[in-house]
Chemist: 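Below: one structure in C-alpha cells.
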Amino acid sequence: MRLRGGGGDGGGERDGDSGDGHGGGERDGGDGLVVGVGASRGVPVDEVVELVLETLCAAGLCADEVRVLATLDTKAAEPGIAAAAARLGVPVRAYPAALLAAVPVPGGSAAVLAAVGTPSVAEAAALAGGGVLVVPRRTSRPVGRPAGVTCAIARGGTGRPGASAGTGRQTT
C-alpha cells in the first residue's frame, strides 16, 4: 500500500470511496483487516502510523488488507488517529464506550476503564465488527516519553457491529 502524504488533514477517504460517510471504498466481510486503535490525547500521527505498520509487518500482514481503523467515539476526531487513517487510505469507525465494554477481549485494564468507560479500546474496537483477533494489543514505544498508542488487528470483521449490539459511527 502506498501511504498518502503527511499533511495531517485527516481526509481519510480510500480511493474509490463514495465520501458519503458509509464507506463506499470499505469492503464489507471477506478477509479484510480491522485495526483497532487506542490513543492518548494529542498523539502524533507518526506514532500511530508507525505502530500500525510495525504491527502489520511483524504479523506478516499487508497494509493493503486494512479496511478501517476502529476506535472509541471520543477518540475518532483526534488529529493523530484521523490523519493516520488518511495516510493509510481508510475510514475511521467510531464506537461508543458502552459497546466496546460489552465486547469480550483477552485483556483489559482497570485504568483504561476508569479513564474512558471501557476496559479495552484497541482490541474491543478491532473485534466489534465480528472479526477474529489475529494480533492482540500492542503498544507504541516512543523514545523519551510514555507510549501514546495501542493497536490490535482483527480479520474478517467489517468494522461495523455484527456480533455486538449497538452501532458504530464512521467518519472520513
Side-chain angles (χ1 to χ4, degrees), residues 1-15 17 19 21 23 25-26 32-97 100 105 107-129 133-154 159 168-172:
M1 166 176 267
R2 191 168 61 188
L3 295 181
R4 295 182 183 189
D9 65 356
E13 289 182 11
R14 188 177 189 82
D15 293 339
D17 194 300
E26 175 185 336
L33 301 174
V34 175
V35 178
V37 177
S40 299
R41 179 172 288 135
V43 69
V45 61
D46 291 337
E47 187 174 345
V48 178
V49 171
E50 184 176 306
L51 178 62
V52 169
L53 294 179
E54 284 177 0
T55 301
L56 289 164
C57 184
L61 301 170
C62 178
D64 284 335
E65 296 178 85
V66 176
R67 300 295 175 248
V68 65
L69 252 56
T71 193
L72 183 65
D73 57 3
T74 59
K75 299 292 182 176
E78 272 292 320
I81 291 176
R87 284 194 194 174
L88 293 167
V90 298
V92 172
R93 170 92 40 207
Y95 294 103
L100 294 181
V105 296
S109 163
V112 173
L113 175 61
V116 298
T118 178
S120 170
V121 174
E123 288 176 324
L127 291 168
L133 193 66
V134 293
V135 181
R137 180 176 49 99
R138 292 196 52 191
T139 304
S140 62
R141 290 176 288 228
V143 177
R145 63 180 174 77
V149 183
T150 59
C151 81
I153 302 172
R169 175 178 53 85
Q170 180 173 304
T171 61
T172 54

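The basis for the numbers below is simple: all heavy atoms, side chains too, and nothing from hydrogens, waters or symmetry mates.
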Chemist: From Leu56 CG over to Leu88 CG, what is the distance, rounded to the nearest 0.5 angstrom?
Modeler: 8.0 Å
Chemist: Under the criterion salt bridge (charged side-chain N to carboxylate O under 4.0 Å, His left out), I'd like the reasoning laid out for Arg145 against Glu47: C-alpha separation, chi angles, the key distance, then a yes or no.
Modeler: CA-CA 12 Å; Arg145 63 180 174 77; Glu47 187 174 345; 2.4 Å; yes
Chemist: Could you give me the CA-CA distance, side-chain angles and deciding distance for Ile153 and Val52, then say whether side chain to side chain contact (heavy atoms under 4.5 Å, CB included) is met?
Modeler: CA-CA 9 Å; Ile153 302 172; Val52 169; over 6 Å; no
Chemist: Contact between Glu123 and Leu133 at the side-chain level, heavy atoms closer than 4.5 Å - yes or no?
Modeler: yes
Chemist: Nearest 0.5 angstrom please: Leu113 CG to Leu100 CG, how far?
Modeler: 11.5 Å
Chemist: If I compare all heavy atoms of Arg41 with all of Lys75, which pair ends up nearest, and what's the gap?
Modeler: N-NZ, 3.8 Å
Chemist: Counting C-beta onward and ignoring hydrogens, is there a side-chain heavy-atom pair between Val135 and Val35 closer than 4.5 Å?
Modeler: no
Chemist: I'd like to check Val37 versus Val92 (side-chain heavy atoms, cut-off strictly below 4.5 Å). Are they in contact?
Modeler: no
Chemist: Between CZ of Arg67 and CG of Leu33, what distance do you get to the nearest 0.5 Å?
Modeler: 7.5 Å
Chemist: At their closest point, which heavy atom of Ala152 faces which heavy atom of Ala126, and how far apart are they?
Modeler: O-CB, 3.7 Å
Chemist: Examine distances only and state if a side-chain atom of Thr139 and a backbone atom of Thr150 form a donor-acceptor pair shorter than 3.5 Å.
Modeler: no
Chemist: For the residue pair Ala70 and Val34, what are the closest heavy atoms and their distance?
Modeler: CB-CG1, 3.9 Å
Chemist: Looking only at heavy atoms, what is the nearest atom pair of Ala94 and Asp73, with distance?
Modeler: CB-CA, 3.7 Å
Chemist: Got a donor-acceptor contact below 3.5 angstrom from the Glu78 side chain to the Gly42 backbone?
Modeler: yes
Chemist: Report yes if some heavy atom in the side chain of Ile81 is under 4.5 Å from a heavy atom in the side chain of Val149; otherwise report no.
Modeler: no
Chemist: State, to 0.1 Å, how close Ala125 and Gly36 come at their nearest heavy-atom pair, and which atoms those are.
Modeler: CB-CA, 4.1 Å
Chemist: Please give me the minimum heavy-atom distance between Leu53 and Ala63, naming the atom from each residue.
Modeler: CD2-CB, 4.0 Å
Chemist: Enter the distance from Tyr95:OH to Leu72:CG here, rounded to the nearest 0.5 Å.
Modeler: 12.0 Å
Chemist: With a 4.5 Å cut-off on side-chain heavy atoms, are Arg87 and Val45 touching?
Modeler: yes
Chemist: Donor-acceptor pair, distance only, cut-off 3.5 Å: does the side chain of Ser109 make one with the backbone of Ala111?
Modeler: yes
Chemist: Is there side-chain contact between Val121 and Val112, with heavy atoms separated by less than 4.5 Å?
Modeler: yes
Chemist: With the side chain counted from C-beta on, respond yes when Val48 and Val43 share a heavy-atom pair under 4.5 Å apart, and no when they do not.
Modeler: yes
